[in-house]
Amino acid sequence: MSKLGNQTSETPVKSGGGHTAILIGLVLGIVLGIVAHKIRQSGPGGESLVAAMVSVAEPIGKLFLRLMQMVVLPLVVSALFLAVVDVGDMRKLGRIGLTTLFYTAILSFSAVLIGITLVNIIKPGLAISEETRTTLSEQYMGKAIDSVKKAEQAKTLGQTLVDMLPENPIQEMAGAVDGSSKGNGMLAVMVFALMCGIAATMKLEQTSALTGTMRGLYEISMTIIGWALKLAPLGAGCLVFSVTSSMGLEILKALAAFMGVVLGGLAIQLIVVYSVVLKTLAGRSPVAFFRNISDAMFVAFSTSSSSATLSTSLKVAQEQLHLKPETSNFVLTVGATGNQNGTALFEGVVVLFLAQVFGVDLSPGQQFTVVLMAILAGVGTAGVPGGSIPLIIVVLKSVGVPGDGIAIILGVDRLLDMSRTLINVVGDLVVATCVSTSMGDRDSSAASPNVG
Ligand code: ASP
C-alpha cells in the first residue's frame, strides 16, 4: 500500500457533524431565511430585525467557509505532490491522467447536451417579457459591468498555455487564493506541485525530508477539515440563511422557467447520468454512493465552492468510498478546478437562454460551438462562488449576445451556483471512483459494506 494510504489510515479523522445534522442545519437555514425574507418585507421594524439576524449568521457562515478555504492551498500542493510520489510510476500516472480526462470529457459533454436540449425544447427565454428584461437589467447592471470588465481581461489561448507555468510560484499561490494571480492561479499551482512531485520521484533519497513535510502538511489540513466539519451544521445553515433571507422571491417567479431548466438539467445529470455511470462503469450502487458522499454534497451546496469542498471530498473518498488516496487525491484535486459538469451545463443554458431573450437566432453550428466552449469554460472555471460568470460573458460575446445581458440572471445566480457546485463535486467523486476502478485501485484494506 502507498505511504499516503498507510499514513492516512493510521490517523483517521472521522467525519464530524454527521450527515443528518448537516441536513437539518441546511433545511433550518433555508426555512428561517424564507421566513426572514417575509419579515423584512413587513416594514422598517422587520427590516432591522432581519439585518440584526444576518449580522450574526453571516460571520458564523464565513468562519466555517474560511476554515475550509484556509487549507485549500496546502492541501492542493501536498495532495498532488504526494499523489505523484506515491504512484511513483510515471506511466501509471499518465494512465490516471488520461483516464481522468476521458471521464471528464464524457460527463461534461453529457451535461451540456442535457442543458442545451432542455433549453431548446422549453425555450425559457421566450417567457421573459420586455418589461421584466428591462427591470432585471437595470437592477443588476452594476454587478454585470464588473463581470464584463473581468471578462475583458481574458487571455489568448497561447498566453493561457504559457501561464500554466508560474513565473513566480509563491506569488501564484497567493494569487490563487485572493484572485489576484498574474497567471492561471490554481491551475499554475497544480502544475508546479505536479512537477515538484515528478522531480522528487526521481530523487527519492535526497528529497525524503520534503516528502515527510508534505505528508505532515496533508495530515494537518485533513485534521483541520475534521474540525470544520464539526461546525458544518451551524456553518452551512448560516450560509444558506444569508442567501435565502436576501433573495427576492419576485425574481424567482420572473425567472422560474429558466431556473426550472437549469435545475431540471442538473437533476437529470445527477440522478440518471451519474447513477448509470456508477453502476455500469464502477459496479457501485448509486444509492449507497450518494449516501456515502452526502457530507461533500452538503458542503458544496452551502459554500458554492468546489475548491472549499475539496478537503471534504478527499475525506469522503478515502473514508467512505475507500478509494486509494494516491489515485483519488490526484483526480479530485485536479477535478476541483478542471471537472465542472454542473457549471458546463449552466454555461450552455445561460448562453442559449440569453440568446432567446435578446432574439439572437443561433444556427445548429453556433449551438455546437456553444457546447464546445461550455465544456472548455467548465474546465477553466475557478472553483469559487460565481467563478463561471466571466467565462459565460466571453461565450456570450462570441455568439453575438450582449455580455452585460448577464445582468438578467445575476439575481438568481447564487441559488443556482449552490446547485451546480453540488453537481460539480459529485462529478469529481464519480470520476475518481471510475478512474480508481479502472486502475484496480479500491483500497482493499478497508472494504465497506456500504459500497456497491
Ligand atoms: N461555484 C462553482 C464551483 O465552485 C463555479 C461556478 O459555476 O461558478 O464549482
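Both counts, for ligands and for their atoms, begin at 1 and track the order of listing.
- Within a 6.0 Å sphere centred on NZ of K62, heavy atoms belonging to other residues, nucleotides or ligands number 12 at most.
- Neither the backbone nor the side chain of S307 has any atom closer than 4.0 Å to an atom of ligand 1 (non-hydrogen atoms only).
- Residue G386 has at least one heavy-atom neighbour below 4.0 Å for each of these atoms of ligand 1: 8 (O).
- Of all atoms in ligand 1, listed by their number and element, those nearer than 4.0 Å to a heavy atom of S306 are 3 (C), 4 (O), 9 (O).
- Contact atoms of ligand 1 toward S305: 4 (O) (distance under 4.0 Å to a heavy atom of the residue).
- Set against the non-hydrogen atoms of T421, the atoms of ligand 1 under 4.0 Å away are 1 (N), 2 (C), 3 (C), 4 (O), 9 (O).
- Counting heavy atoms of neighbouring residues, nucleotides and ligands inside a 6.0 Å radius, atom CZ of F290 exceeds 12 of them.
- For atom 1 (N) of ligand 1, the nearest protein heavy atom (residue, atom name, distance) is D417 OD1, 2.7 Å.
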Q.
Between S304 and R414, is the side chain to side chain donor-acceptor pair (under 3.5 Å) condition met? List the steps.
A. CA-CA 8 Å; S304 293; R414 185 57 195 244; 3.1 Å; yes
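- Taking 4.5 Å as the limit, some side-chain heavy atom of L410 sits within range of a side-chain heavy atom of I389.
- Close approach to G383 involves these atoms of ligand 1, each under 4.0 Å from a residue heavy atom: 3 (C), 4 (O).
- Heavy-atom proximity to S304, at under 4.0 Å, picks out these atoms of ligand 1: 1 (N), 4 (O).
- Close approach of ligand 1 to S388 (heavy-atom distance below 4.0 Å) involves ligand atoms 6 (C), 7 (O), 8 (O).
- Only the backbone of V384 comes within contact range of ligand 1, with a heavy atom under 4.0 Å; no side-chain atom does.
- Of the polar atoms of N424, at least one N or O is found under 3.5 Å from an N or O of ligand 1, judged by distance alone.
- Applying the 4.0 Å criterion to heavy atoms of G387 picks out, from ligand 1, the atoms 6 (C), 8 (O).
- Heavy-atom neighbours of Y103 OH from other residues, nucleotides or ligands within 6.0 Å: above the threshold of 12.
- For the side chain to side chain contact (heavy atoms under 4.5 Å, CB included) with V401, the qualifying choice from I406, V350, L354, L352 is L354, the only one to do so.
- Counting only N and O atoms by type, the side chains of N120 and Q367 include a donor and acceptor under 3.5 Å apart.
- Under a 4.0 Å heavy-atom criterion, A336 is not in contact with ligand 1.
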